[in-house]
Amino acid sequence: MRMSHLATALLLASASTAALSDVPEQTNGVYNFYIGAMFNGTDNARQNVDHGYGVTGALDIPIMSWGERWAFEVAANASTLKTNSTQNTNFFRQSLTGALMYSFGDRDELTPYVLAGAGYAYNDTVLVDEGGLTAHIGLGLTKLIGKTVRGRVEVQGVYDDFNSQDIFDTTISAGIEVPLGKVERIETVREVEVIREVPA
């Protein structure tokens, strides 16, 4: 009889442990979609341009074979470069890039990250319309601001091979990042009655 009660207690305890371990976790290695507004600080080599503004969007694809903090980012930017009064129209720049990103945390708590990449940029000006190489390095911060949405700010140094010049711009962007497929952690506790035999 005593062995029967002991076996029952062990089974109930293991069932309790299994119930607690069955809690949904925040998934790691999810894709992250980012969209933000962007300000361009332009190089003096960009003649007749004062500054710029635009939009940026990116998709971060986790590289799980390298660890949970690595991702490959595909990004697209579109900017209007404001010209001075000597020009009849603004200039425009679009780019499509790929970059490696490393985050120093889980991206939900205040998390810094760094990234570096390259791609293609197209510059549309009054005298020259030209596509060419672009490259960038950057750093930023992410922070959870809701259950499933993060805030993200980023600063980049951007190289542009435009009109046979080496142009170095600076961009600052801010927006929201949405983890695609993120599951909110929910903890539940179940009471389990353990039956122990008390000697008579």
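When reading the values below, keep in mind they use all heavy atoms of this one structure, side chains included, and skip hydrogens, waters and symmetry mates. What you see is a predicted model; the values in this text were computed from it and never measured.
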Looking at side-chain heavy atoms only, is the closest gap between [X] and [Y] below 4.5 Å?
X	Y	result
Ile35	Val55	no
Thr170	Phe39	no
Phe104	Val114	yes
Glu130	Asn123	no
Ile172	Val155	yes

Establish, from distance only, whether the side-chain atoms of [X] and [Y] form a donor-acceptor pair under 3.5 Å.
X	Y	result
Thr42	Arg46	no
Asn32	Arg152	no
Thr56	Asn77	yes
Tyr34	Thr142	no

Evaluation steps, side chain to side chain contact (heavy atoms under 4.5 Å, CB included), between Tyr113 and Glu154: CA-CA 9 Å; Tyr113 65 87; Glu154 184 175 292; 2.5 Å; yes
Neighbour count >12 (heavy atoms, 6.0 Å) for atom CG, Asn44: no
Gln47 CD: over 12 foreign heavy atoms closer than 6.0 Å: no
Interatomic distance, Tyr159 atom OH to Asp43 atom CG [nearest 0.5 angstrom]: 11.0 Å
Side chain to side chain contact (heavy atoms under 4.5 Å, CB included) assessment of Leu100 paired with Ile63: CA-CA 9 Å; Leu100 287 176; Ile63 308 175; 3.8 Å; yes
With sequence neighbours excluded, residues passing salt bridge (Lys or Arg N to Asp or Glu O under 4.0 Å) with Arg93: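 Partners of Arg93 by the salt bridge (Lys or Arg N to Asp or Glu O under 4.0 Å) criterion, ordered by chain and then number, come out as Asp160.
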Plane angle bin for Tyr53 and His51 - parallel if under 30°, tilted between 30 and 60°, otherwise perpendicular: tilted
